[in-house]
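One structure is given here, and the rest of the page talks about it.
First the proteins, then the strands, lettered A, B, ... as listed; each starts at 1.
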Amino acid sequence: MNYRAIRAIYLFEMARTWRTLLQSIVSPVVSTSLYFVVFGAAIGSRITEVEGVSYGTFIVPGLVMLSVLTQSIANASFGIYFPKFVGTIYEILSAPVSYIEIVIGYVGAAATKSIILGLIIMATAALFVPLHIHHPWWMLTFLVLTAVTFSLFGFIIGIWADGFEKLQMIPMLIVTPLTFLGGSFYSVNMLPSGWRTVTLLNPVVYLISGFRWSFYEIADVSVALSLGMTLGFLAICMALVWWIFRTGYRLKN
Amino acid sequence: MLAMPPIISVSNLSKTYGSGFKALNNINLDIKRGEIFALLGPNGAGKTTLISIICGIANLSEGNVMVGGHDINRDYRAARSLIGLVPQELHTDSFETVWATVSFSRGLFGKPKNPAHIEKVLKDLSLWDKKDSKIITLSGGMKRRVMIAKALSHEPQILFLDEPTAGVDVELRKGMWDVVRGLQASGVTIILTTHYIQEAEEMADRIGVINKGEIILVEDKAGLMHKLGKKELKVHLQGRIDAIPASLAAYNLELSDDGHAVIYDYDTKGDRTGITSLLNDLRNAGIRISDLDTRQSSLEDIFVSLVRAP
């Protein structure tokens, strides 16, 4: 293992985060606060309780996941797309590093950033609503797994994209709708049974459900299923990354 | 003493792009340890593709490449850690400082921190006073030197310079040549590609010419000049002639200066140059001579004649 290379890539990417602190951390925190004001305070005051917790409290895990998902994808896809775009990727490709080391460096940094962000959003939420976490370790497990999985997914998008539009396309057209329809703002049980079945095809449902369970012990689907689906998606992303580096897809030609 | 094994050995290398374009066709090339090797060729000849494959940026289609005895695919770590690459385009991280970007390169190549070495590299390249500047604030020539500094940060044994002096002013070009000579003196093998024949002529120990994806010639520079180095004699005439007289047909003369001169090609290494008899025959033909001059063909002439050949 070329640990020094992993460290160099990781620190380089983290330095980019600190350099762009405002857009990296501050803007997601501001937008999350807006969700609390709109859904928690304004609309939420008309909704009494969902599954035994107040609406404002209920949406916290979903909001954290919403940010972690979108930020993981954005960070990781930009992190690898930008060197491709400006050409500095030549150095990574010509260095004595394996693809595993490259992935650990880039995906590790992107995931770190979104985990920090998730924790900051939770802290922000605690200012608006009472927050109690029943299973802190499970909460962290789901947070880390989701951040890593979606950073890997973002890494794949970043390699696949050959223009800025493509970089935005998947997050905007697929990930955002899936997240909104994945139970961030409601319990899947509130849906009519037909829609409930359709919703269960959405992988994000399992992430949010498992994450919410670690907070309040309420879940739309069983925790084991949530964990299994998260790990399954992680495995798919890993396999895709392995294929990309084995063939040099969009990197070596 | 046995000859040292080549530091880079390219065998039967071919590269075909997805589009079907064959960029390299059965390349065989050995680079000797410690030499400066110049790879000459017109645009699109395959120079950059060849370098990219050796350095790991592009996949090869057929053949194999050994660097320092290591196969570039099977043993890529050992092979790549010997190489420093300065690509043709200025690819830099605009918002990083010079110091950070050069240190990053060293880490990427798995070397422990060594601020003294980085300091030396930056000083050698006259970048020391810019070490805390962001790269975006530097001029093109400085960015080029930053890229050289990155390539040297991990103490490579082989340095690839792809068009190192393209777009660099004369002053800086000379400075860069000094750096390259200094590196060679410290034992680094240097492979450079260039459009400037003058650069190859001045710097290289050996020269390879690549055209349409094939190596058409590899020679010692001196040998190349010697082998292909024809001289030409220009005979300035007192009057003007419309055509070469039939009695001089054997000399293959060429009319020049609107009939006021004739040009004669000869080989100084031949048994006889034919100059004496030519001058005799000119007098016999009644042609009077006002002046003579001779010219050695340059590498540029050789190059042009090579790549123009069908």
Side-chain angles (χ1 to χ4, degrees), chain A residues 1-24 78-106 108-109 159-160 162 242-253, chain B residues 15-19 21 23 48-49 51-61 67 70 72-73 75-97 100-101 103-113 134-135 147 150-151 153-154 156 160 162:
Chain A
M1 261 312 205
N2 184 346
Y3 292 106
R4 293 199 183 92
I6 298 176
R7 186 171 174 275
I9 296 174
Y10 183 85
L11 292 180
F12 178 90
E13 281 298 293
M14 290 311 284
R16 196 166 61 80
T17 304
W18 307 134
R19 235 186 357 247
T20 54
L21 197 65
L22 204 67
Q23 75 189 61
S24 306
F78 193 77
I80 190 68
Y81 176 75
F82 199 65
K84 271 194 348 172
F85 179 69
V86 298
T88 50
I89 190 84
Y90 84 87
E91 199 177 20
I92 305 280
L93 294 177
S94 66
V97 292
S98 69
Y99 76 85
I100 294 173
E101 291 151 5
I102 297 175
V103 170
I104 294 176
Y106 278 104
I159 285 179
W160 165 76
D162 48 15
W242 175 81
W243 175 82
I244 283 171
F245 278 92
R246 197 178 59 86
T247 59
Y249 173 76
R250 297 245 162 128
L251 279 175
K252 290 202 171 191
N253 276 306
Chain B
K15 168 75 180 177
T16 309
Y17 282 103
S19 59
F21 173 66
T48 301
T49 303
I51 290 183
S52 297
I53 289 173
I54 298 174
C55 295
I57 295 174
N59 290 328
L60 54 79
S61 306
V67 176
H70 310 286
I72 57 159
N73 282 327
D75 204 0
Y76 67 94
R77 276 190 210 270
R80 290 184 198 167
S81 53
L82 299 175
I83 298 176
L85 166 65
V86 184
Q88 191 174 336
E89 310 284 335
L90 288 174
H91 300 308
T92 51
D93 291 302
S94 304
F95 305 106
E96 293 286 317
T97 65
T101 196
S103 303
F104 167 76
S105 300
R106 189 176 169 86
L108 196 60
F109 277 74
K111 289 279 164 68
K113 283 188 177 173
K134 286 192 174 178
I135 295 169
M147 296 189 64
K150 280 166 79 72
S153 67
H154 59 94
F160 280 93
D162 197 357

Quiz item: Under 3.5 Å, side chain of R80(B) to main-chain N/O of S94(A), donor-acceptor pair present?
Solution: no
Self-check item: Contact leader toward chain A among L85(B), L90(B), D93(B), where contacts are heavy-atom pairs under 4.5 Å
Solution: D93(B)
Quiz item: OH of Y99(A): more than 12 outside heavy atoms within 6.0 angstrom?
Solution: yes
Quiz item: Are there residues of residues 7-20 of chain A that reach to under 4.5 Å of chain B by heavy atoms, and which ones?
Solution: R7(A), A8(A), I9(A), F12(A), R19(A)
Self-check item: Rounded distance [0.5 Å steps], CE in M147(B) versus OH in Y90(A)
Solution: 3.5 Å
Quiz item: If you count heavy-atom pairs under 4.5 Å with chain A, which of S94(B), A79(B), A151(B), S105(B) comes out on top?
Solution: S105(B)
Quiz item: Should the heavy atoms of other residues, nucleotides or ligands under 6.0 Å from OH of Y3(A) be counted, would the total exceed 12?
Solution: no
Exercise. Tell me, please, which residues at least two apart from T92(B) pass side-chain hydrogen bond (donor to acceptor under 3.5 Å, both in side chains).
Key: none
Exercise. Might you point out which heavy atoms bring E91(A) and L108(B) nearest each other, and give the distance in Å?
Key: O-CD2, 3.7 Å
Quiz item: What distance separates T88(A) OG1 from E89(B) CD, expressed to the nearest 0.5 Å?
Solution: 13.0 Å
Self-check item: P96(A) side chain near Y76(B) side chain, heavy-atom distance below 4.5 Å
Solution: no
